[in-house]
Amino acid sequence: MTDVPKHLRLVQRNGVFYHRASIPADIRDTYPKTEETFSLKTKDPREAIKRVRVAAAEVDARFDEHRRRQNAVLTTRDELTAAELKAVEEAYYAYLLEEDDQRRDAGFYAGEELELPAPTFEEYDEQVVEALTYVQHQLPRRASDVFYDQEVDEVMSWDGFDIKLAPNAASRKKVVAAIQRGEVRAYKDIALRNKGELVDTPEAPAVIAPKSCGVLLSDAVQDWLKDKRSGWTDKTAKAHEVAIGWFCDLVGDRSLSSYSKADGRAFKAAMQTLPANWVKHPKLAKLSIGKAVERSAELCLTPMSGTNASKNIQFVQSFWNWAEANYDEVDGNPMVKLSKPKGVARDERDPFTDEDLKTIFLAPLYRGCRSLHHWKEPGNFVPIDSGRYWVPLVALHTGARLAEIVQLYVEDVKFEGEIAYLSLMPGDDEEDDRRVKNANARRNIPIHSQLVSAGFLEFVQRAKTANQKRLFPDIEKAADGTYSSTFSKWFGNFLKACGVKTKKKSFHSFRHTFEDACRAGGVPLEYVNAIQGHAQGGEADRYGSGAGGYPISLLKERIEQVRPCACILRLA
């Protein structure tokens, strides 16, 4: 007998070890396979036992996922009663005896090849003894491993339980102990069966756990995304969907009325523990969010930034705010007051200094470069029909957001009398990819005379003559569905080439630069807010049209008080 512990799902044929598992009875009718049998690709017994335990956990996770899709919604709990824990033991005992019945029905290897790899009777008897020895070592020490950690969630999802334990629930260790007690009893009885004793397989115990009722979180989320999508970019929609998906996976998909601040706290703790891009982390990528949180803590991984954690919490908060307004059964927001207060925007980004602006707009891109591709190198080419040339200039003179500028259509440059202005409005249909951040972002911005002097209106006229739809067609849409991601990456490289780039200087710095210029020019705050698309507050946000309801002629007067960069006259 080897000192390597055996596993009931480990079989060997022609020297190669295999994982072999029957499909649990409760999902046998709907599961796409009759068995989960595959090679572990090793002939080494010690390596095989390592691989089979991992494989068993993965297969059980597949069973669990199938069960989750087929069964009723699981109820998230923190504690189990003594009766429920005893039921876990009984259910697992019955499950192992039923699995033993299936093993015997399938037959043992006795010289003739069976349809699938099978152990000899002697090998099977030895595996049972080894498995019993292993669990008798684990149980008194209250010891667990990856197999038992996965098995807890599987057993809790079985018919009659329909429970999802919270990731850090104290009952998890108790469930592991209950499973191990069931194993000890089962392996002892299977050993007796191997000696010819008659041991009946009992019926699984009947356990009735409280069921969820009312509107499910997952259903409400779909309605929320559908309701909000028209006002969001694809990137914004995806960010919200991912965050609420994490919340649902962490605390469970239940009726809306069942969530509490405890669920909110659990999500906040997860966001403060997980590293940035945790779903791509090599040691976390294949784990559920609950397991990833535990593993992150064990490995002492650097958590994501406070800003990113707060963003995810705010995304979930926004769902609950919407749910509270749309469903009678939602009484309060489980995420309320859990995110950090928003920092001052100025603390996140610095404005460009006059010296920065001179460096930017005296770069070869504006004074002459070799080509659009070789924009870093001096030459005789000025790309006056490129978005790379105009987008920074528009931002400097309007304070508009990058996403608002790069999505402009040619028709968005309009006139009221002799006053040219940019119309920042969402598209009329789903095929129109123009979006605005919120209701306040719907506005008209007069085109500054300094931007006109730089040749902007001539550029627009050339675009009209060419029958262009988009004003900046050379800025391509990124994989995330936005034009801003593509340009932002390029502009970061541009700032580095100019020697202006710092951690707190990016394209968004133009917005702060414009705001400073407004302040220096004596533009009243309410006009600054109207031009930049900020909320005015109070009743002012409910009435009027355009930018805060101000006539375009008055906004033109105010914007002409602004002198963002005195060094720019006519670049082209």
Side-chain angles (χ1 to χ4, degrees), residues 5-10 21 24 26 49-50 52-61 63-64 67-68 74-100 127-192 199 201-210 252 266 287-288 290-291 293-295 297-298:
K6 296 291 181 69
H7 194 286
L8 291 184
R9 294 187 183 179
L10 186 66
D26 64 310
I49 194 62
K50 293 179 184 177
V52 77
R53 294 189 70 81
V54 173
E58 292 175 349
V59 168
D60 284 342
F63 292 159
D64 186 40
R67 190 177 285 111
R68 185 187 68 78
L74 308 187
T75 301
T76 297
R77 302 268 295 281
D78 291 313
E79 294 289 339
L80 296 185
T81 65
E84 288 170 331
L85 289 169
K86 183 60 178 175
V88 169
E89 177 186 335
E90 296 297 333
Y92 208 77
Y93 168 75
Y95 159 69
L96 289 179
L97 288 185
E98 181 188 11
E99 192 174 64
D100 176 66
Q127 289 171 8
V128 172
V129 173
E130 292 285 352
L132 176 60
T133 301
Y134 181 74
V135 71
Q136 285 179 324
H137 175 272
Q138 298 288 92
L139 178 58
R141 292 166 173 78
R142 294 295 186 267
S144 186
D145 58 25
V146 65
F147 173 78
Y148 288 119
D149 290 343
Q150 295 277 2
E151 205 73 347
V152 167
D153 291 321
E154 180 184 352
V155 174
M156 288 294 90
S157 69
W158 286 355
D159 283 342
F161 290 104
D162 296 328
I163 295 169
K164 180 171 182 176
L165 281 178
N168 299 315
S171 281
R172 281 186 169 272
K173 287 187 176 181
K174 296 178 182 179
V175 175
V176 170
I179 289 172
Q180 291 172 343
R181 286 195 300 271
E183 281 188 295
V184 170
R185 291 172 53 201
Y187 293 144
K188 285 182 176 180
D189 282 349
I190 293 170
L192 289 175
V199 180
T201 299
E203 294 290 333
V207 179
I208 305 299
L287 301 179
S288 67
K291 293 297 181 186
V293 170
E294 295 175 7
R295 189 64 176 147
E298 292 170 2

Which distance, rounded to the nearest 0.5 Å, do you find between the [atom1] of [X] and the [atom2] of [Y]?
X    : Y    : atom1 : atom2 : value
Q127 : I49  : CD    : CD1   : 8.5 Å
I190 : L132 : CD1   : CG    : 9.5 Å
E130 : L10  : CD    : CG    : 11.0 Å

**salt bridge (charged side-chain N to carboxylate O under 4.0 Å, His left out) against D60, all qualifying residues, sequence neighbours excluded** = R9
**Message:** Taking salt bridge (charged side-chain N to carboxylate O under 4.0 Å, His left out) as the definition, give me every residue that meets it alongside R185, ordered by chain and number, with sequence neighbours left out.
**Reply:** E89, E90
Between [X] and [Y], is any pair of side-chain heavy atoms under 4.5 Å apart?
X    : Y    : value
E183 : Y148 : yes
S144 : R172 : no
Y93  : D189 : yes
L8   : Y187 : yes

Of all heavy-atom pairs between [X] and [Y], which one has the smallest distance, and what is that distance?
X    : Y    : value
P202 : L97  : CD-CD1, 3.7 Å
T201 : A94  : CG2-O, 4.0 Å
A143 : Q180 : O-NE2, 2.9 Å
V88  : A178 : CG1-CB, 3.8 Å

**Item:** For D145, the option from Q150, E151, R53 that meets side-chain contact (heavy atoms from CB on, under 4.5 Å)
**Value:** R53
**Request:** Please assess V175 against I179 for the test side chain to side chain contact (heavy atoms under 4.5 Å, CB included), listing each intermediate value before the final yes or no.
**Result:** CA-CA 6 Å; V175 175; I179 289 172; 4.1 Å; yes
**Prompt:** Are the side chain of S288 and the backbone N or O of K291 linked by a donor-acceptor pair below 3.5 Å?
**Reply:** yes
**Prompt:** Taking NZ, NE, NH1 and NH2 as the nitrogens, is one of them in K173 or D149 under 4.0 Å from a carboxylate oxygen of the other?
**Reply:** no
**Asked** Would Y134 and H7 count as a close aromatic pair, with their ring centres under 6.0 Å?
**Response** no
